[in-house]
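Quick notes on the structure that follows.
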Amino acid sequence: MDRDDSRPIWVQLADDFRRRIVSGQWPPGTKVPSVRELAADTGVNPNTVQRALGALDGEGLTATERTAGRFVTSKASVIDSVRRDLASGATDAYIDTLTAIGMDLDQTAALLTERWWAPDRLVRRTTGDAS
């Protein structure tokens, strides 16, 4: 995860954890790694990880079971709603960027279609390489 100094780390972690859930990296119903494991993996304080996971609990994406740990929700509707919210935010940023450089809807749609099927994008989508 690339860090952004303009946003609190716990917010960035929560965003990263949301993406893990909606992408299926953390599938529905599975146990979330422990706070200590996540803290070690991300290099942050366990309290910061706990705060990020607390945000996911509040959204219904995860839930803690007293003795068993924290689990990803099994409710597809909750995951789909968060996926749509993330996609809407990315789409809005895309639209803002392209309209700022003078592109209209037809040009934008053509570019999106062209890039969606571009060989370099297909390789990244199938291999999971987002770089």
Side-chain angles (χ1 to χ4, degrees):
M1 177 181 87
D2 293 327
R3 300 265 165 80
D4 173 4
D5 291 337
S6 68
R7 298 180 333 136
I9 292 173
W10 74 269
V11 171
Q12 296 175 61
L13 286 174
D15 288 346
D16 180 50
F17 299 160
R18 276 185 206 93
R19 281 189 290 277
R20 292 181 192 197
I21 292 169
V22 302
S23 71
Q25 185 178 351
W26 288 354
T30 60
K31 191 171 192 288
V32 174
S34 73
V35 169
R36 292 200 188 286
E37 289 175 89
L38 291 170
D41 290 347
T42 58
V44 301
N45 185 297
N47 292 331
T48 304
V49 172
Q50 181 59 45
R51 187 166 182 190
L53 291 171
L56 299 185
D57 290 346
E59 296 168 16
L61 276 174
T62 56
T64 302
E65 295 181 17
R66 277 191 189 181
T67 58
R70 179 178 272 112
F71 291 82
V72 175
T73 184
S74 294
K75 296 178 183 175
S77 61
V78 173
I79 295 171
D80 289 342
S81 176
V82 172
R83 180 182 295 113
R84 182 160 174 82
D85 288 347
L86 291 173
S88 292
T91 302
D92 290 347
Y94 175 72
I95 291 167
D96 291 346
T97 299
L98 295 182
T99 56
I101 62 171
M103 291 186 72
D104 63 25
L105 178 58
D106 291 336
Q107 293 169 317
T108 299
L111 178 62
L112 178 60
T113 301
E114 174 188 321
R115 294 302 304 150
W116 188 270
W117 298 110
D120 61 319
R121 296 289 312 155
L122 289 174
V123 168
R124 285 193 295 247
R125 280 201 310 269
T126 58
T127 63
D129 180 13
S131 58

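When reading the values below, keep in mind they use all heavy atoms of this one structure, side chains included, and skip hydrogens, waters and symmetry mates. Each residue takes its place number in the sequence, starting with 1.
Gln107 and Met103 get closest at one heavy-atom pair: OE1-CA, 3.3 Å. Closest approach of Asp106 to Asp104, counting heavy atoms only: N-OD1, 3.1 Å. Among all heavy-atom pairs drawn from Ala14 and Ala55, the shortest one is CB-CB, 4.5 Å. Across every non-hydrogen atom of Ala52 and Leu13, the tightest pair is CB-CB, 3.7 Å.
Few gaps surround NZ on Lys31; more than 12 heavy atoms of other groups in view lie less than 6.0 Å from it.
Taken from CZ in Arg51 to CD1 in Ile9, the straight-line distance is 11.5 Å, to the nearest 0.5 Å. Atom-to-atom distance recorded for Ile79:CD1 and Ser74:OG is 7.5 Å, nearest 0.5 angstrom. Rounding to the nearest 0.5 Å places OG1 of Thr67 at 8.0 Å from CD of Glu65. Atom-to-atom distance recorded for Ser81:OG and Glu59:CD is 9.5 Å, nearest 0.5 angstrom.
Grouping the Ile, Leu, Val, Met, Phe, Trp and Tyr side chains by contacts below 4.5 angstrom, directly or via other members, places Phe71 apart from Leu53. In the hydrophobic cluster analysis, where Ile, Leu, Val, Met, Phe, Trp and Tyr join through side-chain heavy atoms closer than 4.5 angstrom, Leu105 is grouped apart from Ile101. Connection of Trp10 to Leu56 is not established within any shared hydrophobic cluster, with ILVMFWY side chains joined at heavy-atom distances below 4.5 Å, either directly or through further cluster members.
Using a cut-off of 4.0 Å between Lys/Arg side-chain N and Asp/Glu carboxylate O, Arg84 and Asp80 are scored as not salt-bridged. Salt-bridge formation is detected for the pair Arg7/Asp15: a Lys NZ or Arg NE/NH1/NH2 atom is positioned less than 4.0 Å from an Asp or Glu carboxylate oxygen.
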Exercise. Walk me through it: do Phe17 and Leu61 pass the test side-chain contact (heavy atoms from CB on, under 4.5 Å)?
Key: CA-CA 10 Å; Phe17 299 160; Leu61 276 174; over 6 Å; no
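For the pair Thr108 and Tyr94, the minimum side-chain heavy-atom distance is below 4.5 Å.
Thr62 places a side-chain N or O within 3.5 Å of a backbone atom of Asp57 that can act as its donor or acceptor partner. Between the Arg70 side chain and the Val32 main chain, no donor and acceptor come within less than 3.5 Å of each other.
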